[in-house]
Amino acid sequence: MPQDIYDKIMMLAKRRGYIYPSFEIYGGVAGFYDYGPLGSQLKNNVENLWRNFFLLKDNCIEINTPTITPHDVLKASGHVEEFTDLTVDCEKCKRSYKVEDIIDDNISVEQAVKEDKLKCPTCGKKLKDAHPVNLMFSTTIGAGKGRAAFLRPETAQGIFTNFHLLYRYNRERLPFGVIQIGKGYRNEISPRQGMLRLREFSMAEAEVFFDPEDKKHPNFDSVKDKKLFLFDNEKEFKISLEEAVNKKIINNQALAYYMYLTQDFLFSAGVDPKKFRFRKHSSDELAHYAIECWDAELYSKRFGWIECVGIADRSAYDLNAHIDFTGIDMYALKKFAEPKVVNVKKFVPKMNVMGPLFKDKAGRIKELLEKIDVKNKRKVSVEVDGETVEIPENCYEIVETKEKIMGEKFVPHVIEPSYGIDRVVYFLLEHNYAEIKKKGEEYRILKLTPQMAPIKVGVFPLIGDKKLVNIAKEIDKNLRNAGIETYYDDGGTIGRRYARMDEIGTPFCITVDHDTLEDNTVTVRDRDTTQQERIKQEQLTDYFQDTFAF
RNA sequence: GCGGAUAUAAUCUAGUGGUUAUGAUAUUGGCUUCCCAAGUCAAUCGCCCGGGUUCAAAUCCCGGUAUCCGCACCA
């Protein structure tokens with residue numbers, strides 16, 4: 001079988017300790033991959049670079065929330081509905097449909113299934129065995145029946161459910177961004193595409209909260225002339241952030257800014273700019289919570305364009321959902337320049353009338369009555385213990401008072417850049433993989449950037465001479481003490497050792513040779529040029545530290 | 001989930017209903033003392049899982065799992 005680049009990369013990844021299929025000795029499980037020693041390190045480097053962009057450059061705050069999420073949270077967010085579609089398969093034409101898509105408007109999904117009224121819209125065949133397709137992994141919290149829960153399908157809800165605390169932490173100022181890096185889970189029906197479609201995956205998400213009327217970013221001006229790489233489903237083009245926003249290609253500054261931050265991050269990590277573009281979601285492919293979404297797509301020789309980052313405008317969808325479900329105040333306050341004094345009409349209960357009339361319910365009715373807007377005067381009623389209680393007019397007065405209003409409450413909008421870290425890691429391997437011929441033999445180089453490379457420096461004695469070995473080992477130790485990942489190697493020939501380092505992407509190799517004994521210098525070899533320069537032994541740490549800083 | 005193909009060592013691969021499964025790479029240890037996978041000697045590691053047919057199965061059949069391709073799905 002001919003091997004394409006994906007096969008070659010996965011072979012190299014397995015052989016060299018980047019990526020292994022999970023639980024392989026038990027036959028493997030589709031949609032799960034392990035990171036080996038080098039893969040873990042590469043992934044850490046990707047995540048840390050990402051933090052550098054969002055935590056430092058963009059001044060976000062980072063939190064960590066559980067992966068197990070109670071049913072109600074995901075019910076409120078809309079995920080439970082979106083994930084439990086009833087599906088039927090047609091044996092004749094081999095298609096599957098959502099039940100709700102193929103039934104008449106006047107019949108419910110339950111009825112249609114019960115009364116066996118499902119027909120294939122393509123061939124007319126009767127359909128049976130409607131079954132729910134739920135893409136969330138479910139579990140329970142606690143013993144026995146416990147409390148229904150899911151493994152989270154995204155990290156975002158953990159941020160939304162803390163919004164009121166985070167808003168306070170941020171001293172009630174907008175905009176502010178909250179990031180989280182962690183695992184997400186989707187029980188894919190058939191995970192194809194190897195590393196690119198996992199059932200358990202790492203995501204890095206930022207939820208940035210904005211005033212809906214002011215979706216501007218403080219850093220926008222500093223990047224407004226930079227070019228974004230866009231794709232409009234016909235052609236690819238480059239356009240400045242400012243122009244894209246002015247022409248309404250991108251709806252607002254905030255979205256454009258995070259698109260640029262994403263592009264900048266991916267290029268810094270070593271994504272090939274020629275294999276990168278942003279594509280806008282059409283209205284029918286938008287997620288249930290999104291009003292606008294741009295995908296950062298990366299090109300794979302085997303799989304084509306693959307979404308690696310989604311940058312969505314989630315509007316106030318999620319916060320509203322949690323407010324509706326819990327009643328928790330998740331509003332932000334837009335302070336007026338001057339407090340406004342307004343006239344407010346309020347119901348003021350007369351407890352001497354209500355007490356005898358409603359007895360033990362009077363207290364609760366009072367509280368509910370005080371919350372009712374006076375405008376709905378015609379029918380004054382409240383819900384208590386599932387009953388509607390009409391409140392007679394003699395139970396209250398309507399009193400007009402002056403109130404000071406400091407500002408206007410609103411539910412913030414959210415711009416969400418959401419990264420599939422595993423996909424980014426895979427694409428760094430694919431985009432940086434190079435093959436050349438050396439003496440007619442295939443020679444592989446992984447051209448990872450110095451910041452991303454798991455091993456930064458190979459350290460070798462030219463030959464196994466004790467004196468050279470001792471010096472090399474000392475250099476190795478010093479570099480490690482300075483925080484630089486090294487790999488000491490004195491096995492085989494020098495060429496073999498260089499080759500080994502090239503294949504795993506190590507950007508530099510130090511060789512201690514006979515001249516070292518004379519003048520205390522070593523050679524430093526550059527992976528991509530194979531050029532060497534002589535550096536004083538004691539200058540090595542300084543020489544490298546700058547190179548590897550983020 | 002449907003249809004098709006495939007599954008031999010860490011990686012690639014030859015091969016066959018019948019003794020101890022081929023070769024290369026890799027890895028480890030020598031020799032060589034050497035600046036880009038050199039040579040040499042030695043060692044290490046394997047027939048995806050389960051069931052069936054058979055005197056005998058890694059090979060044939062069935063089921064499972066995984067991978068790849070096509071369809072469907074992909075918030």
Side-chain angles (χ1 to χ4, degrees), chain A residues 1-4 6-8 10-17 20-32 36 74 77-85 87-98 122 129 131 133-136 153-154 156 184 186-194 196-199 281 285-290 293 302-303 306-307 310 312 314 317 418 436 438-445 458 460-466 468-469 490-503 509-515 522-523 525 527 529-532:
Chain A
M1 230 198 324
Q3 296 159 358
D4 69 0
Y6 179 82
D7 288 325
K8 286 180 175 177
M10 292 313 276
M11 261 152 40
L12 187 155
K14 191 172 175 187
R15 196 156 40 84
R16 288 303 190 190
Y20 310 133
S22 296
F23 312 113
E24 200 185 20
I25 63 168
Y26 285 88
V29 189
F32 296 90
L74 293 159
S77 71
H79 287 87
V80 172
E81 260 78 33
E82 294 297 321
F83 275 68
T84 52
D85 297 319
T87 305
V88 283
D89 302 312
C90 178
E91 289 167 28
K92 202 168 158 194
C93 49
K94 313 287 182 211
R95 283 169 208 275
S96 51
Y97 303 93
K98 286 185 188 178
T122 310
D129 300 326
H131 50 279
V133 171
N134 193 326
L135 285 145
M136 290 196 289
E154 58 173 11
R186 295 175 192 184
N187 201 0
E188 300 285 354
I189 295 169
S190 69
R192 294 288 182 78
Q193 305 176 306
L196 296 180
R197 207 146 144 224
L198 301 178
R199 287 181 162 132
H281 276 209
E285 66 179 313
L286 283 171
H288 65 277
Y289 49 68
C293 183
R302 178 185 282 192
F303 301 113
I306 297 290
E307 171 204 350
R314 296 178 75 132
Y317 181 92
S418 172
I436 57 171
K438 250 189 188 179
K439 294 179 185 162
E441 237 192 294
E442 200 170 77
Y443 191 94
R444 291 171 294 275
I445 308 170
F460 320 136
L462 182 60
I463 55 169
D465 183 314
K466 267 268 162 56
L468 302 188
V469 166
D490 58 15
T493 62
I494 190 76
R496 185 179 295 271
R497 288 177 252 160
Y498 285 142
R500 216 168 359 224
M501 289 296 111
D502 286 345
E503 195 178 34
C509 293
I510 292 172
T511 300
V512 175
D513 59 15
H514 301 291
D515 291 349
V522 297
T523 64
R525 168 194 182 264
R527 176 193 64 204
T529 63
T530 75
Q531 297 299 303
Q532 298 182 355

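The analysis underlying the following values was restricted to heavy atoms, covering all of them including side chains, and did not include hydrogens, waters or symmetry mates. Because the structure is predicted, anything quoted here is derived from the model rather than measured. Chain A is the first sequence line, chain B the second, and so forth, proteins listed ahead of strands; every chain is numbered from 1.
- Rounded to an integer number of Å, the gap from CD1 of A:I25 to C1' of B:A10 is 15 Å.
- Regarding A:L12, its CG atom lies at a distance of 11 Å from the P atom of B:C12, rounded to whole Å.
- The separation between A:R197 atom CZ and B:C69 atom P is 13 Å, rounded to whole Å.
- A distance of 5.0 Å separates CG of A:L74 from CE of A:M136, quoted to the nearest 0.5 Å.
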Strictly under 3.5 Å: I want the nitrogen or oxygen pairs between protein and nucleotides 46-50 of chain B, one per line.
none

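- Taking the P atom of each, B:U6 and B:G15 are spaced 15 Å apart, rounded to whole Å.
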Could you please spell out the steps behind the side chain to side chain contact (heavy atoms under 4.5 Å, CB included) verdict for A:R444 and A:R16? CA-CA 12 Å; A:R444 291 171 294 275; A:R16 288 303 190 190; over 6 Å; no
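- In this structure, A:Q193 places its CD atom 12 Å from P of B:C71, rounding to the nearest Å.
- Of all the heavy atoms in A:F460 and A:I494, the pair that sits closest is CD1-CD1, 3.7 Å.
- Position along RNA chain B of the nearest nucleotide to A:Y6 versus A:E188 favours A:Y6 as the more 5'-ward residue.
- Looking at residues two or more places apart in sequence or on another chain, you find a ring-ring contact (aromatic ring centres under 6.0 Å, His included) between A:Y317 and A:H288.
- On the C1' atoms, B:G52 is 44 Å away from B:A42, given to the nearest whole Å.
- Here A:R525 pairs with A:D502 under the salt bridge (charged side-chain N to carboxylate O under 4.0 Å, His left out) rule; sequence neighbours left out.
- Using Watson-Crick or G-U wobble geometry with both donor-acceptor distances under 3.5 Å, B:C45 finds no partner in any strand shown.
- One C1' atom belongs to B:U67, the other to B:C48, and the distance between them is 11 Å to the nearest Å.
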Take A:L135 and A:H79, measure what side chain to side chain contact (heavy atoms under 4.5 Å, CB included) needs, and give me the verdict at the end. CA-CA 9 Å; A:L135 285 145; A:H79 287 87; over 6 Å; no
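- Nucleotide B:C71 has B:G1 as its partner under the Watson-Crick or G-U criteria, with both atom distances under 3.5 Å.
- Looking at which nucleotide of RNA chain B each of A:E24 and A:N187 is closest to, the 5′-most match is held by A:E24.
- Considering only residues two or more places apart in sequence or on other chains, A:R197 meets the side chain to side chain contact (heavy atoms under 4.5 Å, CB included) condition with A:E188, A:Q193, A:R423.
- Not a single donor-acceptor pair, N or O on each side, falls under 3.5 Å between the base of B:C68 and the side chain of A:R302.
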Once each nucleotide of nucleotides 31-37 of chain B is scored for protein heavy atoms under 4.0 Å, what B/S/- sequence comes out, 5' to 3'? --BBBBB
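- B:C35: no Watson-Crick or G-U partner with both key distances under 3.5 Å is found in any strand.
- Atom P of nucleotide B:A10 and atom CE of A:M11 are separated by 15 Å, given to the nearest angstrom.
- Here the side chains of A:L198 and A:R186 are not in contact, with every heavy-atom distance at 4.5 Å or above.
- The salt bridge (charged side-chain N to carboxylate O under 4.0 Å, His left out) test applied to A:D513 returns A:R534, not counting sequence neighbours.
- One interatomic measurement links the two molecules: CG of A:L196 to P of B:U67, which rounds to 13 Å at whole-angstrom precision.
- Between A:Y6 and A:F303, the ring planes are perpendicular. Angles over 60° get that label, and only those under 30° would be called parallel.
- Taking atom C1' in both B:A56 and B:A66, one finds a spacing of 29 Å when rounded to whole Å.
- For the pair A:K8 NZ and B:C68 P, the interatomic distance rounds to 17 Å; values are reported in whole Å.
- Taking atom C1' on both nucleotides, B:C31 is separated from B:A38 by 14 Å, rounded to a whole Å.
- With a cut-off of 3.5 Å on both Watson-Crick or G-U wobble distances, the partner of B:C12 is given as B:G23.
- A:F32 places its CZ atom 10 Å from the P atom of B:A66, with the value rounded to the nearest Å.
- Going from atom CE of A:M10 over to atom CZ of A:R302 covers 9.5 Å, rounded to the nearest 0.5 Å.
- Nucleotide B:U6 has B:A66 as its partner under the Watson-Crick or G-U criteria, with both atom distances under 3.5 Å.
- Comparing the C1' positions of B:U22 and B:U28 gives a spacing of 23 Å, expressed to the nearest Å.
- The shortest distance between the side-chain N/O atoms of A:K14 and the OP1/OP2 oxygens of B:U11 is below 4.0 Å.
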